[in-house]
Amino acid sequence: MPNLGVPELLIIACVLVLLFGAKKLPEMARGVGKSLRIFKAETTKLREEDDEYSATQGAQPAPAQPQPQPAQPLAAAAPSPEEQARQLEEQAAKLRAQASANKNA
């Protein structure tokens, strides 16, 4: 693969300006910079946590596996919004049927 020289980089820059506009490019560059800084900070934290974890594993025995709890039925759980909407639609259908029956009677 050939190396990119100054003329090639200028052509790429011109194409980017034409595609995105001169106002969007600095915003995009700032966004990429922020996301890279956040990514770097998070990977550093993960490495530190991994080092701490491996240091504590050597000094302490492995924790015991937690005992599974028996499943308990949910007592009177609140219905989801979808369930509430379905119930309201059923009630509305019943009321419409009653209203049409009263009109025909």
Side-chain angles (χ1 to χ4, degrees):
M1 186 161 121
N3 291 334
L4 293 177
V6 175
E8 290 87 3
L9 291 175
L10 288 174
I11 292 172
I12 292 171
C14 289
V15 169
L16 288 174
V17 169
L18 288 174
L19 287 176
F20 297 109
K23 292 182 181 180
K24 290 285 183 179
L25 287 177
E27 294 173 16
M28 289 173 49
R30 271 188 234 111
V32 169
K34 284 181 184 179
S35 62
L36 287 175
R37 275 183 253 131
I38 292 170
F39 181 75
K40 183 179 178 183
E42 292 298 321
T43 55
T44 303
K45 286 180 187 177
L46 285 175
R47 282 192 207 120
E48 290 172 356
E49 289 174 3
D50 190 35
D51 291 344
E52 291 173 7
Y53 178 75
S54 60
T56 58
Q57 285 298 322
Q60 298 175 353
Q65 293 289 334
Q67 296 294 328
Q69 298 291 329
Q72 297 177 356
L74 297 175
S80 67
E82 291 84 12
E83 181 67 23
Q84 290 176 348
R86 188 185 59 76
Q87 290 173 354
L88 289 173
E89 288 174 357
E90 289 176 358
Q91 289 175 355
K94 288 178 186 177
L95 289 174
R96 280 190 223 107
Q98 288 176 353
S100 66
N102 289 341
K103 280 184 183 179
N104 294 337

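One hydrophobic cluster, built from ILVMFWY side chains closer than 4.5 Å, cannot hold both I12 and L18; they sit in different ones. Note on L19 and L9: same hydrophobic cluster, where clusters join Ile, Leu, Val, Met, Phe, Trp and Tyr whose side-chain heavy atoms are under 4.5 Å apart, directly or indirectly. Grouping the Ile, Leu, Val, Met, Phe, Trp and Tyr side chains by contacts below 4.5 angstrom, directly or via other members, places L16 with L4.
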Report the C-alpha distance between E90 and R86 in whole Å, list the side-chain angles of each, state the deciding distance to 0.1 Å, and finish with yes or no for salt bridge (charged side-chain N to carboxylate O under 4.0 Å, His left out).
-> CA-CA 6 Å; E90 289 176 358; R86 188 185 59 76; 2.3 Å; yes
Does the pair D51 and E48 meet the rule for a side-chain contact (heavy atoms from CB on, under 4.5 Å), with working shown?
-> CA-CA 5 Å; D51 291 344; E48 290 172 356; 5.6 Å; no
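Between atom CE of residue M28 and atom NZ of residue K23 there is a gap of 16.0 Å, rounded to the nearest 0.5 Å. Rounded to the nearest 0.5 angstrom, Q87 CD and Q91 CD are separated by 7.0 Å. Here the CG atom belonging to N102 is positioned 10.5 Å from the CG atom belonging to L95, to the nearest 0.5 angstrom.
Smallest separation of non-hydrogen atoms from L25 and V17: CD1-CG2, 3.5 Å.
For the pair D50 and L46, the minimum side-chain heavy-atom distance is 4.5 Å or more. S100 places none of its side-chain heavy atoms less than 4.5 Å from the side chain of R96.
Although no hydrogens or angles enter the test, the distance criterion places a donor-acceptor pair under 3.5 Å between the side chain of E8 and the main chain of G5.
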